[in-house]
Amino acid sequence: MSNSVKAIILAAGKGKRMKSSLPKVLHKILGKSLIERVIDTVLKSGCIAQTIVITGHQAEEVNKRLSDAYTDIPTILQEPQSGTGDAVFQAYENLRGFEGTVLVLCGDTPLLSEKTLFEFVKTHQESGACLSVMSAIFDNPHNYGRIVRGNDDQITKIVEEKDASPQEKNIKEINAGVYCLQWDKIAPAFFEITADNAQKEYYLTDIVDWSVKKGYKTSVFTIENNYEIFGINSRKHLAEATKMLSTITIEKLMEQGVTFICPQSTVVSPETLIGQDSIVYPGCVFEGVNVFGKNNVLGPNTFISGNVKTDDNVKIIQSKASDSSIGENSTVGPFARLRNNADIANNVRIGNFVEIKNSRVNTSTNVSHLSYIGDAYLGANVNIGAGTITANYDPLTKIKSKTCLEDGVKIGSNCVLIAPVKVEKNANIGAGSVITRDVPQSALALTRERQRIIENWVEKKLNKI
Ligand code: UD1
Ligand code: CA
């Protein structure tokens with residue numbers, strides 16, 4: 001692409017139709033906020049030199065999220081928020097002397113693809129237009145601005161729903177809210193647009209009418225996948241966008257050889273990769289960025305909330321996982337929970353009602369029933385009996401300590417390992433023990449009382465009564 005391109009993303013609006021204390025653009029779709037979806041699309045399009053975000057309503061929260069997630073996305077405050085035209089105008093100083101293309105997008109249209117964006121910018125620059133507007137044909141254009149075309153089919157203006165005549169309301173071609181501006185030509189428009197409309201706001205859409213009247217070439221880029229410019233203004237829209245994005249992702253994964261037993265009951269983020277011949281049972285939700293290997297069995301009812309990686313032949317049944325990895329041929333669940341850096345090796349079994357947090361579990365180790373393993377290192381071929389827990393947290397000092405179980409260690413059922421503690425290679429712990437001191441290699445540690453038998457105790461008791 002010849003000219004340099006800067007992007008401005010509008011994210012200052014209140015989003016009052018969301019009825020939320022959270023800024024609209026921070027609402028999430030499948031684990032990623034609306035604004036991050038738009039920014040990532042811009043970054044991935046590969047044709048943008050700089051991206052600026054206009055913030056306003058609850059700017060502090062939006063700015064914080066952006067500085068946590070990105071290193072080089074400057075924000076400009078729009079205060080008060082008097083319309084989309086006024087929002088772009090806030091970048092005027094920043095863009096002084098810039099002679100390239102300014103791409104304007106809304107922070108509430110998260111389904112736009114990088115391919116569409118790239119094509120749009122390319123078409124704009126090749127056409128030599130001063131202003132290009134992205135449009136789409138909607139069966140139900142309600143609430144969007146309409147593209148008004150003259151007798152020669154050329155765009156003459158954009159009219160907002162609230163300002164449209166009954167005839168204009170019948171127009172099905174809508175304004176996507178994405179524009180390319182030849183900045184040095186179009187910038188003067190921002191001094192001339194007025195707030196003389198139904199919403200008493202400075203409409204960005206008014207620059208179209210301005211550009212046409214100036215005699216500047218003004219073009220429309222109509223996209224085919226019109227779901228891409230779906231704007232989020234309400235909770236209903238949020239649900240619809242989630243459904244659309246998930247459905248497209250599932251269809252793509254099915255084409256790549258993944259079985260979904262009931263796609264309608266499954267929700268998958270576009271950042272989730274699933275290997276060939278995996279089977280996803282009903283009721284699964286996969287949010288955030290995840291990579292599943294080949295031949296996995298996932299679900300039913302498995303909730304993955306991001307940063308989960310599995311190798312081939314892994315099963316995760318009726319379980320919840322985040323920020324964890326699982327090696328080849330390992331099984332998790334039913335009813336297990338992996339979180340905060342659970343690092344599971346190959347051929348491991350994490351069974352019913354087991355929680356693993358910030359722990360490494362090595363090859364061929366079993367934690368099969370009713371356990372909590374936190375801040376621990378479990379060697380290879382370790383067996384953890386049912387009901388065993390690592391007591392990693394001291395509520396008085398608030399210090400968390402580590403448990404280390406070396407290769408071949410066997411822990412009987414219902415043991416408590418009070419961390420910090422180390423059990424050396426091949427040592428055994430008797431069932432029901434509370435272990436507070438390190439156990440040497442190949443030893444047996446027992447802390448429970450010896451069993452006593454009182455003969456005929458029941459009869460004696462009854463006689464007394
Ligand atoms: C806008 C367009 C409409 C288009 C639709 C596409 C205008 C006047 N209308 O309408 O033609 O069909 O998008 O989705 O532009 N914002 C600010 N500052 C403000 C007001 C809004 O930054 O003062 C931001 C919002 O945060 C939002 C975006 O601009 O991200 C669009 O604002 P919104 O109020 O949602 O506009 P729409 O009514 O959807
Ligand atoms: Ca909108």
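The model shown is predicted, which means the values in this text are computed figures rather than measured ones. In listed order, ligands and their atoms are each counted from 1.
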Q. Near K24, which atoms of ligand 1 are under 4.0 Å from a heavy atom of that residue?
A. 35 (O)
Q: Consider ligand 1: state whether an atom of it lies below 4.0 angstrom from any non-hydrogen atom of R17.
A: yes
Q) Does ligand 1 have a heavy atom under 4.0 Å from the side chain of A11, from its backbone, from both, or from neither? A) backbone
Q) Does any donor atom in the side chain of T302 or S319 lie under 3.5 Å from an acceptor atom in the other side chain? A) no
**Q.** Distance filter under 4.0 Å to S82 heavy atoms, resulting ligand 1 atoms
**A.** 23 (O)
Q) To the nearest 0.1 Å, how far is atom 22 (O) of ligand 1 from its closest protein heavy atom, and which atom is that? A) A12 N, 2.9 Å
Q | Cation-pi check, K402 onto Y377 ring (under 6.0 Å, within 45° of axis) | A | no
Q.
Which residue and atom name correspond to the protein heavy atom nearest atom 32 (O) of ligand 1, and how close is it?
A. T84 CG2, 3.9 Å
(Q) If we ignore hydrogens and angles and just use 3.5 Å, is the side chain of S45 paired with the main-chain N or O of V42 as donor and acceptor? (A) yes
Q) Does a side chain donor of either E61 or N63 reach within less than 3.5 Å of an acceptor in the other side chain? A) no
**Q.** Heavy atom of protein inside 4.0 Å of atom 36 (O) of ligand 1, strictly below
**A.** no
Q) Hey, are E287 and K28 close enough for a salt bridge, meaning a charged N less than 4.0 Å from a carboxylate O? A) no
Q) Of E160, K162, Q81, which has the heavy atom at the shortest distance from atom 9 (N) of ligand 1? A) E160
Q. Taking the six-membered ring for Trp, is the centroid-to-centroid distance between F286 and F303 below 6.0 Å?
A. no
Q: Report the member of P141, A87, G107, G83 with the shortest heavy-atom distance to atom 20 (C) of ligand 1.
A: G83
Q. Among L10, T55, V104, whose heavy atom sits nearest atom 27 (C) of ligand 1?
A. L10
Q: Flag atom 15 (O) of ligand 1 as yes if some protein heavy-atom distance to it falls below 4.0 Å, otherwise no.
A: yes
Q) Hey, is G56 one of the residues with a heavy atom under 4.0 angstrom from ligand 1? A) no
Q) Is there at least one pair of N or O atoms, one from D108 and one from ligand 1, spaced under 3.5 Å apart? A) yes
Q. Is G145 close to ligand 1, meaning an N/O of one under 3.5 Å from an N/O of the other?
A. yes
(Q) For the 3.5 Å polar cut-off, considering only N or O atoms, please tell me whether C106 and ligand 1 meet it. (A) no
Q.
Looking at E36 and R65, is any side-chain nitrogen of the basic one under 4.0 Å from a carboxylate oxygen of the acidic one?
A. yes
(Q) One residue to check: H57. Relative to ligand 1, which of side chain, backbone, both or neither has a non-hydrogen atom less than 4.0 Å away? (A) neither
Q) To the nearest 10 degrees, how large is the angle at the Ca ion (ligand 2) between N233 OD1 and D108 OD2? A) 90°
Q) So, S4 side chain and T101 main chain: donor-acceptor pair closer than 3.5 Å or not? A) no
Q: State whether any protein heavy atom lies less than 4.0 Å from atom 1 (C) of ligand 1.
A: no
**Q.** T388-S371 side chain donor-acceptor pair, cut-off 3.5 Å
**A.** no
(Q) Does either side chain, that of R339 or that of S322, offer a donor lying less than 3.5 Å from an acceptor on the other one? (A) no
Q) What about Y144 and F230, are their ring centers closer than 6.0 Å? A) no
Q: Say whether I54, considering both its backbone and side-chain N or O atoms, lies within less than 3.5 Å of an N or O atom on ligand 1.
A: no
Q. Mind checking whether G13 has an N or O less than 3.5 Å away from an N or O of ligand 1?
A. yes
(Q) Give me the residue, atom name and distance of the protein heavy atom closest to atom 18 (N) of ligand 1. (A) Q78 OE1, 2.7 Å
Q. Between E168 and D163, which heavy-atom pair has the shortest distance, and what is it?
A. OE1-O, 4.3 Å
Q: State the atoms of ligand 1, each with its element, that fall below the 4.0 Å cut-off from a heavy-atom position in Y203.
A: 8 (C)
Q. Side chains of N341 and K357: closer than 4.5 Å at any heavy-atom pair?
A. no
Q) Is a salt bridge present between K32 and E271, judged by a nitrogen-to-oxygen distance below 4.0 Å? A) yes
Q: May I ask whether T205 places a heavy atom under 4.0 Å from ligand 1?
A: yes
(Q) Geometry only, no angles: is N175 polar-contacting ligand 1 at N/O separations under 3.5 Å? (A) yes
Q) Quick one: are E228 and I223 in side-chain contact, heavy atoms under 4.5 Å? A) yes
Q) When you look for heavy atoms under 4.0 Å from ligand 1, do you find them on the side chain of N233, its backbone, both, or neither? A) side chain
